[in-house]
A.B. asks: 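Once you've had a glance at the structure underneath, I'll fire off some questions.
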Amino acid sequence: MQRIKIKELLEGAEAGHDVLLKGWVRTKRGNKYVNFIAVNDGSTIHNLQVVAEADKFSEEALKDVTTGAAVAVTGQLVASQGKGQAYEVQATHIEVLGKADPEVYPLQKKAHSLEFLREIAHLRFRTNTFGAVFRVRNALAFAVHKFFNEKGFVYMHTPIITASDAEGAGEMFRVTTLDLDKLPRTEEGAINFAEDFFGKATNLTVSGQLEGELAAMAFSDIYTFGPTFRAENSNTTRHLAEFWMIEPEMAFYDLQMNADLAEEFIKYIIRHALENNRDDIEFLGQRLAEEDKAKPQNERQEMTLLEKLEFVANNSFERITYTQAIDILVNSPAYKKKKFQYDVSWGSDLHSEHERYLVEKHFKKPVIVTDYPKDIKAFYMRVNDDNKTVAAMDILAPGIGEIVGGSQREERLDILVERMKGVGIHEEDMWWYLDTRRFGGCPHAGFGLGFERMVQFVTGMGNIRDVIPFPRTPQNAEF
RNA sequence: UCCUCCUUAGCUCAGUUGGUUAGAGCACAUGACUGUUAAUCAUGGGGUCCCUGGUUCGAGCCCAGGAGGGGGAGCCA
């Protein structure tokens, strides 16, 4: 008999058929006469109840059927006599494929803290919460490719190892094959990277954007979706040293079109998850609601997770300029009551308390902030006609903060070179980038979306370490 | 990196003013129970009180240093 997955079995359920199912035991309960075994195979949040009657199974036969064990069950799918599930399997044969000694198996049939589960990340996939989180993550990743594919974007694999450290997006991880105990030196005493693997100093990428721009100058629309590395000593609930980023880059797009695409994209992948993983999101919503009960009234969420996602998917994002954002903040009650730790003035960057005020208090929806002062933004962002601001955009999401950062790119060679000089980037190191402005350059734009932050938003998980299978953070590279 | 809180049984957590043998719930084991829903009931086993040093007649509790973790901030996606 061919094994059937629980998801498929429940969707096309028809009582009376013999089935073979394989999975892991979540709980076993019962008495001298009958045992109930909840089996989960990861295809869905739902368990399938296996009924093992004592006249068919001795105590000895069920001895190793314990929480965590892998089992193969054959039996007839029948309408359940009990409440709580429509169908169950009347077992005729149960084989324990892999035991899980209950004395030492860390997962129990009770709730565990997320912190504890983080320490056993190799087993946490087997919990309801992490099962749901990673099925949603998968749905979102698939939706990313589906969205761009439907729009005719080319999926581009930009390099992981890069010799360019001009991106200015953060501290980088060095990649080297040099013997760290015997570093080759130049006559001046500096490390001689000419002897290194690539003949020059190399790092792990902090962004595929610059290479993405090169490809967009041929395919019109491209996107990247790959790992990104930042060696910042960040210890927060929304930073990782290794994370996944989606970076579309579009020729002939201006800032407005860029923002339109980003908004459409975010709504699309949320809708995809809502349509395909509703059970998981409902479960995560219940989990969140439980968590909320422990909080004081004023800190509780106004909407359930499902409501929040439906709302975001069906309402337009607020769009304001940086200058308008400063106005709103300066005139806010919070500012007048001196509630902000950091001052607000035109020219300084928005702090997270300001972003949160705009998104969570003032607008209560995602906000796209555009046209930031050029001095606080990257060199490649296009300078506006006022010569004070650049065509940048950040999308701020409730509870997460910055989820997207993007801009129209500076396509005018002279202005770009001038801005590079201003931040100390050598023109000759970036000859290939500047060539796109020399040969058939055109207006273009793009953005980067932090995938894990997106997964956080959709799952409601508060800590970014709980939405990536094996998080890499300062002082932690376990598993 | 800074601020702040935490670390007691496998897990979640109590532990009073420094005082005799460190507790609970869950988990686990054994038994009971004819269909359970994190089943229930009874009984039982289970401890490097994070580590090192100090104060004290006496430290889980006080002091110093260290390690690990949570939350917030900065950097950013």
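We name chains A, B, ... by the order of the sequence lines, and we start the count at 1 in each one.
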A.B. asks: Given the P atoms of B:C41 and B:A27, what is the spacing between them in whole Å?
C.D. replies: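 Comparing P positions in B:C41 and B:A27 gives a spacing of 10 Å.
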A.B. asks: With sequence neighbours left out, what residues match A:R29 under side chain to side chain contact (heavy atoms under 4.5 Å, CB included)?
C.D. replies: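 Applying side chain to side chain contact (heavy atoms under 4.5 Å, CB included) to A:R29 gives A:T27, A:F36, A:Q49.
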A.B. asks: Nearest whole angstrom, please: distance from the P of B:C2 to the CD of A:E232.
C.D. replies: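 In whole Å, B:C2 P lies 16 Å from A:E232 CD.
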A.B. asks: Determine: side-chain N/O of A:S352 to OP1/OP2 of B:A73, distance under 4.0 Å, yes or no.
C.D. replies: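 Answer is yes, contact under 4.0 Å.
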A.B. asks: Any strand counts, and the cut-off is 3.5 Å on both contacts for Watson-Crick or G-U wobble. Which nucleotide pairs with B:C62?
C.D. replies: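 Because both required distances fall under 3.5 Å, B:C62 counts as paired with B:G54.
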A.B. asks: Roughly how far apart, to the nearest Å, are B:U7 and B:G60 at atom C1'?
C.D. replies: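 These two C1' atoms come out 12 Å apart once rounded.
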A.B. asks: Under 4.0 angstrom, heavy atoms only, what part of the nucleic acid is A:P102 near: base, sugar-phosphate, or nothing?
C.D. replies: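 Sugar-phosphate: the residue A:P102, judged by heavy atoms under 4.0 Å, touches backbone atoms but no base.
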A.B. asks: Send over the distance from A:H239 NE2 to B:C2 P, rounded to a whole Å.
C.D. replies: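 The distance from NE2 of A:H239 to P of B:C2 comes to 17 Å, rounded to the nearest Å.
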A.B. asks: Checking A:E353 against A:Y342: is there a side-chain donor and acceptor pair closer than 3.5 Å?
C.D. replies: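 No.
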A.B. asks: Rounded to the nearest Å, what distance is computed from the CG atom of residue A:L107 to the C1' atom of nucleotide B:A38?
C.D. replies: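 Interatomic distance, CG of A:L107 to C1' of B:A38: 14 Å.
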A.B. asks: Quick check: any donor-acceptor pair below 3.5 Å linking the side-chain of A:S234 to the base of B:C76?
C.D. replies: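 Flag unset: no donor-acceptor pair detected.
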A.B. asks: Given the P atoms of B:G69 and B:C11, what is the spacing between them in whole Å?
C.D. replies: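 Here B:G69 and B:C11 have their P atoms 16 Å from each other.
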A.B. asks: When the distance from CG of A:D101 to P of B:G46 is rounded to whole Å, what number comes out?
C.D. replies: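 Checked: the CG to P distance equals 18 Å.
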A.B. asks: Which whole-number value in Å describes the distance from A:M381 CE to B:A77 P?
C.D. replies: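 Taking atom P of B:A77 as the reference, CE of A:M381 is at 8 Å.
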A.B. asks: What about A:E103, does its side chain sit under 3.5 Å from the base of B:G45 through a donor-acceptor pair?
C.D. replies: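 Such a pair does not exist between side chain and base.
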A.B. asks: So, A:D64 and A:K28, do they make that salt bridge, N to O below 4.0 Å?
C.D. replies: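 Salt bridge between A:D64 and A:K28, a charged N being under 4.0 Å from a carboxylate O: no.
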A.B. asks: Say we look at B:U16 and B:A22: how far apart would their C1' atoms be, to the nearest angstrom?
C.D. replies: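 B:U16 and B:A22 have their C1' atoms separated by 14 Å.
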A.B. asks: Applying a 4.0 Å non-hydrogen cut-off, can you work out what A:Q341 is touching in the nucleic acid: base, sugar-phosphate, or nothing?
C.D. replies: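 Counting heavy atoms under 4.0 Å across all strands, no contact is made by A:Q341.
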A.B. asks: Please give the distance between the P atoms of B:U34 and B:G25 as a whole number of Å.
C.D. replies: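 That atom pair is separated by 26 Å.
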A.B. asks: Does either side chain, that of A:Y335 or that of A:D343, offer a donor lying less than 3.5 Å from an acceptor on the other one?
C.D. replies: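 Their side chains do contain a donor-acceptor pair, which is all the 3.5 Å distance test asks for.
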A.B. asks: Could you go step by step and tell me if A:Q209 and A:E213 meet the side-chain hydrogen bond (donor to acceptor under 3.5 Å, both in side chains) rule?
C.D. replies: CA-CA 6 Å; A:Q209 180 201 316; A:E213 284 188 50; 2.9 Å; yes
A.B. asks: Distance check needed: B:A27 C1' versus A:H112 NE2, whole Å only.
C.D. replies: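 These atoms are roughly 8 Å apart.
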A.B. asks: What's the gap between B:U30 and B:G68 when it is taken at their P atoms, as a whole Å value?
C.D. replies: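 Those two atoms are separated by 40 Å.
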A.B. asks: Considering only the C1' atoms, how many Å lie between B:A64 and B:A59, rounded to the nearest integer?
C.D. replies: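 Pairwise C1' distance, B:A64 against B:A59, rounds to 15 Å.
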A.B. asks: May I ask you to check if A:K308 and A:F457 form a cation-pi contact, with NZ or CZ under 6.0 angstrom from the six-membered ring centre and within 45° of the axis?
C.D. replies: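 That pair qualifies as a cation-pi contact.
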A.B. asks: Let's test this: given Watson-Crick or G-U wobble pairing with both distances under 3.5 Å, identify the partner of B:U1.
C.D. replies: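 The base-pairing partner of B:U1, which may sit in any strand shown, is B:A73.
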A.B. asks: When all nucleic acid strands are considered with a 4.0 Å heavy-atom cut-off, which category describes A:T236: base, sugar-phosphate, or nothing?
C.D. replies: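 The answer is base, as A:T236 lies within the cut-off (heavy atoms under 4.0 Å) of a base atom.
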A.B. asks: For the side chain of A:E59 and the base of B:G31, is some donor closer than 3.5 Å to an acceptor across the two?
C.D. replies: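 In this structure, the two groups form no donor-acceptor pair.
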A.B. asks: What parts of residues 21-44 of chain A reach RNA chain B, counting only heavy atoms under 4.0 Å away?
C.D. replies: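 The answer is A:T27, A:R29, A:G30, A:N31, A:K32, A:Y33, A:F36.
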A.B. asks: Give one of base, sugar-phosphate or nothing for A:E247, where a contact means two heavy atoms less than 4.0 Å apart.
C.D. replies: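 No contact at all - A:E247 keeps every heavy atom at 4.0 Å or more from the nucleic acid.
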A.B. asks: Just checking A:E88: base, sugar-phosphate only, or nothing, at a heavy-atom cut-off of under 4.0 Å?
C.D. replies: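 Base contact - A:E88 has a heavy atom under 4.0 Å of at least one base atom.
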A.B. asks: Taking pairing as Watson-Crick or G-U wobble with both contacts under 3.5 Å, can you name the mate of B:G35, or confirm there isn't one?
C.D. replies: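 B:G35 is unpaired by these criteria.
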A.B. asks: Are a donor atom and an acceptor atom from the side chains of A:T389 and A:N384 found within less than 3.5 Å of each other?
C.D. replies: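 Indeed, the side chains of A:T389 and A:N384 share at least one donor-acceptor pair under 3.5 Å.
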A.B. asks: Across the strands shown, which category fits A:F229 at heavy-atom distances under 4.0 angstrom: base, sugar-phosphate, nothing?
C.D. replies: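 Nothing: the residue A:F229, judged by heavy atoms under 4.0 Å, touches no strand.
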A.B. asks: Looking for any heavy atom pair under 4.0 Å, which part of the strands does A:V404 touch: base, sugar-phosphate only, or nothing?
C.D. replies: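 Sugar-phosphate contact only.
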A.B. asks: Do the side-chain N or O atoms of A:H351 get closer than 4.0 angstrom to the phosphate oxygens (OP1, OP2) of B:G74?
C.D. replies: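 For B:G74, OP1/OP2 do have a side-chain N/O of A:H351 under 4.0 Å.
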A.B. asks: Within the structure shown, what part of the strands sits under 4.0 Å from A:I246 by heavy-atom distance: base, sugar-phosphate, or nothing?
C.D. replies: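 No contact.
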A.B. asks: Using the C1' atom in both, what is the distance from B:U1 to B:C76, to the nearest Å?
C.D. replies: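 Each nucleotide's C1' atom is 15 Å from the other's.
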A.B. asks: Using the closest heavy atom to pick a nucleotide of RNA chain B for each, name whichever of A:R465 or A:D349 lands nearer the 5' end.
C.D. replies: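 In this pair, the answer is A:R465.
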A.B. asks: Check step by step if salt bridge (Lys or Arg N to Asp or Glu O under 4.0 Å) holds for A:E59 and A:K63.
C.D. replies: CA-CA 6 Å; A:E59 232 173 80; A:K63 182 172 63 72; over 6 Å; no
A.B. asks: On the ring face of A:Y268, is A:K146 found with NZ or CZ under 6.0 Å from the centre and within 45° of the axis?
C.D. replies: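 Not flagged: A:K146 not positioned over aromatic ring of A:Y268.
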A.B. asks: Whole angstrom is fine here: how far is it from NE2 in A:H46 over to P in B:A38?
C.D. replies: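 Going from NE2 in A:H46 over to P in B:A38 covers 14 Å.
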A.B. asks: Can you tell me how far apart CD (A:E14) and CG (A:L9) are? Round to the nearest 0.5 Å.
C.D. replies: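 These two atoms lie 11.0 Å from each other.
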A.B. asks: It should be established whether A:R453 places a side-chain nitrogen or oxygen under 4.0 Å from OP1 or OP2 of nucleotide B:C76.
C.D. replies: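 Indeed not, no polar side-chain atom of A:R453 lies that close.
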A.B. asks: It should be established whether A:T237 places a side-chain nitrogen or oxygen under 4.0 Å from OP1 or OP2 of nucleotide B:G72.
C.D. replies: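 So the side-chain polar atoms of A:T237 do come within 4.0 Å of the phosphate oxygens OP1 or OP2 of B:G72, strictly under.
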A.B. asks: Within the structure shown, what part of the strands sits under 4.0 Å from A:Q81 by heavy-atom distance: base, sugar-phosphate, or nothing?
C.D. replies: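 The residue A:Q81 makes base contact.
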A.B. asks: What integer distance in Å separates A:M393:CE from B:A77:P?
C.D. replies: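 In whole Å, B:A77 P lies 12 Å from A:M393 CE.
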A.B. asks: Counting only Watson-Crick pairs (N1-N3 plus N6-O4 or O6-N4) and G-U wobbles (N1-O2, O6-N3), all under 3.5 Å, who is the partner of B:A24?
C.D. replies: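 WC or wobble partner is B:U12.
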A.B. asks: What nucleic acid atoms does A:E353 come within less than 4.0 Å of, heavy atoms only: base, sugar-phosphate, or nothing?
C.D. replies: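 The residue A:E353 makes no contact with any strand.
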